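This one's a predicted model, so the numbers in the text were calculated from it and none came from an experiment. Residue numbers start from 1 in every chain, and the chains themselves are labelled A, B, ... in the order their sequence lines are given, proteins ahead of strands.
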Amino acid sequence: MQGAARIRSRTLDQRLECPILFGLWTHRVPRTSFIPRTADVAEYRPQDFEAHWQRYWVEQKTFRTPEHPQGEKFYCLDMFPYPSGSGLHVGHPLGYTATDIICRYKRMRGVSVLHPMGFDAFGLPAEQHAIKTGEHPGRITDANCDHFLRQMKSIGFSYDWDREIRTCDPDYYRWTQWIFLQLYHAYFDHELQKARPIDELPIPAEVQAEGEEAVRRYRDDHRFAYYTEADVNWCPALGTVLANEEVIDGRSEVGGHEVVRKPMKQWMLRITDYAERLLADLDTVDWPESIKEMQRNWIGKRHGAEIDFEVVGHDHTLSCFTTRPDTLFGCTFFVLSPEHPLVDELTTDDRRSEVEAYREKARLMSDFDRTIENREKTGAFTGAAVVNPINGREVPLLIGDYVLMSYGTGAVMGVPGHDDRDFVFARNYGLEIIPVVTDPKADEPRRRAILEGEYCFTDPGVMLPCDDPVFVELGLEGKSNEEAKWIITDWLAAQDRGRKVVNYRFRDWLFSRQRYWGEPFPLIHWEDGEVTTLEASELPLTLPEVEEYKPSDDGESPLARAEEWLEVVDPVTGRRGRRETNTMPQWAGSCWYYLRFVDPHNEKTFCDPLLEKEWMPVDLYVGGAEHAVLHLLYARFWHKVLHDLGHVSTNEPFQRLFNQGMINAHAYKDERGALVPVDEVEVDGNGLATRISDGAKLQQIIAKMSKSLRNVINPDEVIAQYGADTLRLYLMFMGPLESSRIWDDQAISGVYRFLKRSWTLITENRDQGVREFVDSGDEARESLRAIHGAIVEVTRDLDTLSFNTAISHLMECLNALSGQAFSKQTAEYFTLLLAPLAPHLAEELWRRLGHDASLAYEHWPVADEKALAEDTTLVVIQVRGKKRAIVEVDKKIAEDELKAAVVGVMADTNFPVAVEDRFIVVRDKKSGEPRLVNVIVQ
RNA sequence: GCCCGGGUGGCGGAACUGGUAGACGCGCCGGACUUAAAAUCCGGUGGGGAUAAAACCCCGUAAGGGUUCGAGACCCUUCCCGGGCACCA
């Protein structure tokens, strides 16, 4: 029953008492055993002083960034939040606390720290709120930001709030628009592998000859930002198009609505030009391997060949991309995507109706339905045939919706013997299967299955015999397929019937949204078809006021209804034009915010070059892994363009990336598997969970925090109950920063007790001031060893972001100091070690220790080696590798004396050893002191 | 299916480069204080055996094998969990 009370206690509301004023806003404080009664005046009561120090830091501008870094610099960045209406959730402060600790620690080590925070403030939720209520999305966004600010300040983060930015602020998005102009006015020089101004684009003579209009089109075809009719992911429910990355399993990432394919005119960014550099430069950054791997997979570099097949009876050549040119001799058909532009022309009349029907069916199918895994492979014969360039064999030409127009050339050579999809397709349509590679390691039945076309073999293997003259000429029989791949490709290249190519799986970035609440494009579409950009001096192009925020049913942005804003007339020529009505996606603002933080108030440029040089790159970037391929890839792309164009000095923006884990919570499910909200659950002393309403047995599981499970932890409530320092410490103590953790509202009392005991240790719960200390000379050796040991350990742990062990070591130090005499110096060291982790408590103790300024810039303690020095050391004795005894010996003991000591210790035991036995002595690598002796008894 | 992580007490997790497994905390057990409870403080706590009590012994880091004087850590095989990708030719 005790357990039941615990579980129910999670919903604090049941025990809420009268509201009291705390901090900058009102908290309702639950009555719990952990809040000391008011009679105990001098006990640890964080509510008494946390708000005071938060105000002090803000008023004194304690954490203002130095204008220029002096000596070592440290740019520490958190992924800034989207200010959602529900406020901060414990997941946010997890990473923020970690960076805060590191920054406070670095400041104490004399490092110049840049640690800013802001808001990713454009975005869909505010817009949807606006659609529903008619309220301006800016107003709700501002209110949410303010709420976030209050919450973040209540945790005691040491951000330089003077640098706060919001991406929806015109002073900010002015420069987002400016960067768009840089992208628009540049192209990628493939030879130099870098961006260059569009004016430097060489115009081929034949284009030049066609006139101005052709030159303009040629340039437009090379800009990083281009306007094109594209099959886009249209989400009717959200009324917008989405990037591929925003579509999960055929549904919108936001809201899970259906997404269909639809051709629309859209702005795209040519991110694929940077594929090679985005891939290669991953090797230069200190990121988690998993994130690098995800980006590599996303970019999807594939080496292969493009092979040309002539169409029988036509003057056309169809090229296909393949990573398996070694299987070309096994090609028995050829498949085009239903959207392929040549399908119509190549289809014979007797097949036309069938092909048309198939294409229509494919067109109507949603992307999701079309990409369901292992779906039946369907297609239609076109009646045409193509010629395999390596053996002259004519093979039938089909269309099939498993071939995507958007990858490679929209055409595939069908090798059913060695490709699973082709295999299924061939079986469906009775197409021939010719195996050309076999598995040398396979047993007889399997080998026969491969030979007879019963088994599709896709792994590496060796080439089977074949009569084709070219096969014989190239001597392929028995060669590994890997080798055959390049021999065949070289032959094709020599005959000009194919070539080695590299393909990338990722696509250009769809950069426009039919929304109101985003950055307007600084572009004008003129009546004569020309598109021009605004001058940098005309920025920002601000959002107009509109009456309704809903996009129209055919997908036009609400901006299309803002007529006054929309229509423009050239004052010189009288030419009429319309502004671009799409807005930029949410990713735009977060693509460069880290640069603005370096120089947030500059009105002349997006970021002063000198400051950029001084502060960039970001030394530590902490955030969730969910941004692995979106934000992090886009930001790298923009950064590289800015770098190539000479606007930033660094090639990569984020030198070190760290992903914090997720915070999960316990949840319960019943026998049918339905999740049960935690406040409907009772847990008994043995951990057995039952539903309160009907006593049904429940299973405890781990789940993400969610509103529906009512297991979301609100930081405000934790702070009200325990104080900000406890919240910070608990978040860090739960486990390594990178791993996921489970919120356990019993375990939090452990760190609360630690803080309380730390308080008591130094103040002895006096009304004011501190306990009495002994003179340094009279200090117990134990105390000295404890504090200097802690200095060593905590320093190392903070350097390696091991916050959980840093706290453990402080706990050990506290345990050791409790009941011991120690000096004021030791108390001060302890306070300073605690400062990055529990800054409010540390500041309060520091004040009581007689200091009248913040400890934020006090020197980090340095361990005194002498305090740690010992004459003797403990040596583990092993016999045949098993621990049998421990002996204390002099550190400088000679080898034979050590042996003698070991023999002596082991004499009366069950495991006697002799000096003649083999001794393995393990010594400390640094000090050379003996650590362990392993005796191998003969 | 493929690619990354990861499996250590009742629980969260420690263990620096192969050298005392289980630090620290939660929980639990016992004790002190209290009329009582909470809070607080002190002690114990991987499993098994042995003993009057100890000393002591055996087993133990998902499972099996290997390398080594010595393996939680390294190698091979298998199982399980988490994350990502997935008709990309």
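When heavy atoms are screened at a 4.0 angstrom cut-off, A:Asn503 is found touching no nucleic acid atom at all. As judged by a 4.0 angstrom heavy-atom cut-off over every strand, A:Arg923 is placed among residues making no nucleic acid contact. Nucleic acid contact for A:Arg302: sugar-phosphate only, since backbone atoms but no base atoms lie under 4.0 Å from a heavy atom of the residue. Heavy atoms of A:Asn804 sit under 4.0 angstrom from primed sugar atoms or phosphate atoms, though from no base atom. Counting non-hydrogen atoms under 4.0 angstrom, A:Thr800 reaches nothing in the nucleic acid. Contact annotation for A:Pro288: no contact, since no heavy-atom pair falls under 4.0 Å across all strands. Within the 4.0 angstrom heavy-atom criterion, no nucleotide atom of any strand lies near A:Phe334. If you check every strand for non-hydrogen atoms under 4.0 Å, A:Glu293 touches sugar and phosphate atoms only.
Here, B:G9 and B:G27 have their C1' atoms 12 Å apart, quoted to the whole Å. Taking the C1' atom of each, B:A86 and B:G66 are spaced 36 Å apart, rounded to whole Å. Comparing the C1' positions of B:G46 and B:A38 gives a spacing of 31 Å, expressed to the nearest Å. Comparing B:C2 with B:G49, their C1' atoms sit 49 Å apart, to the nearest whole Å. Taking atom P in both B:A14 and B:A62, the straight-line distance is 15 Å, to the nearest Å. A distance of about 11 Å separates the P atoms of B:G19 and B:A73, rounded to the whole Å. A distance of about 13 Å separates the P atoms of B:C76 and B:C4, rounded to the whole Å. Only the C1' atoms considered, B:A32 is 31 Å distant from B:G47, to the nearest whole Å.
Here A:Tyr429 and A:Phe333 keep their ring centres 6.0 angstrom or further from each other.
Nucleotide B:G60 has no partner under the Watson-Crick or G-U criteria, as no pair reaches both atom distances under 3.5 Å.
Relative to the side chain of A:Thr805, the nucleotides B:A14, B:C57, B:C24 differ in distance, and B:A14 lies closest. Of all nucleotides listed (B:U20, B:G19, B:A89), B:U20 comes nearest to the side chain of A:Val876.
Residue A:Cys320 holds its SG atom at 5.0 Å from CD1 of A:Ile307, rounded to the nearest 0.5 Å. Expressed to the nearest 0.5 Å, how far CG of A:Leu657 lies from NE2 of A:His627 amounts to 11.5 Å.
The base of B:C85 has none of its N or O atoms less than 3.5 Å from a complementary donor or acceptor on the side chain of A:Asn297.
Shown are A:Tyr752, A:Tyr44, A:Phe754; of these, the ring-ring contact (aromatic ring centres under 6.0 Å, His included) with A:Tyr722 is made only by A:Tyr752.
Closest heavy-atom contact between A:Leu431 and A:Pro396: CD2-CG, 3.9 Å.
Anti is the conformation of B:G49, whose glycosidic angle sits further than 90° from 0.
A salt bridge does not link A:Lys756 to A:Asp725: none of the charged side-chain nitrogens sits closer than 4.0 Å to a carboxylate oxygen. The pair A:Arg45-A:Glu43 does not count as a salt bridge, with every side-chain nitrogen at least 4.0 angstrom from each carboxylate oxygen. Ion pair A:Lys377/A:Asp422 not flagged as a salt bridge, since none of the NZ, NE, NH1 or NH2 atoms sits closer than 4.0 Å to an Asp/Glu carboxylate oxygen.
As rounded to whole Å, 11 Å separates atom C1' of B:G18 from atom CG of A:Leu932. Look at CD1 on A:Ile877: it is 18 Å from P on B:G70, rounded to the nearest Å. One atom, CG of A:Leu755, and another, P of B:G25, lie 13 Å apart when rounded to the nearest Å. Look at CD1 on A:Ile291: it is 13 Å from C1' on B:C85, rounded to the nearest Å. In this structure, A:Gln878 places its CD atom 7 Å from P of B:A21, rounding to the nearest Å. One interatomic measurement links the two molecules: CG of A:Leu404 to P of B:A86, which rounds to 12 Å at whole-angstrom precision. A:Gln746 places its CD atom 6 Å from the P atom of B:G27, with the value rounded to the nearest Å. Taking atom NZ of residue A:Lys756 and atom P of nucleotide B:G25, one finds them 17 Å apart after rounding to whole Å.
When the side-chain nitrogen and oxygen atoms of A:Arg753 are compared with OP1 and OP2 of B:G25, none of them lie within a distance under 4.0 Å. Distances shorter than 4.0 Å separate some side-chain N or O of A:Asn815 from OP1 or OP2 on B:G25. An OP1 or OP2 oxygen of B:A89 is reached within less than 4.0 angstrom by a side-chain nitrogen or oxygen of A:Arg505. The side chain of A:Lys882 places an N or O atom within less than 4.0 Å of a non-bridging phosphate oxygen (OP1 or OP2) of B:C59. Under 4.0 angstrom from either OP1 or OP2 of B:G82 there lies no side-chain N or O belonging to A:Arg741.
Between the side chains of A:Ser802 and A:Arg796, no donor-acceptor pair is found at a separation under 3.5 Å.
Each of A:Arg796 and A:Val935 was matched to the nucleotide of RNA chain B holding its nearest heavy atom; the match closer to the 5' end belongs to A:Arg796. Of the two residues contacting RNA chain B, namely A:Ile936 and A:Phe506, the nearest-nucleotide position lying further toward the 5' end is that of A:Ile936.
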### Task
Could you walk me through whether A:Asp283 and A:Lys292 pass salt bridge (charged side-chain N to carboxylate O under 4.0 Å, His left out), step by step?
CA-CA 8 Å; A:Asp283 294 337; A:Lys292 290 191 188 185; 5.2 Å; no

Protein and nucleotides 74-76 of chain B: nitrogen or oxygen contacts under 3.5 angstrom:
none

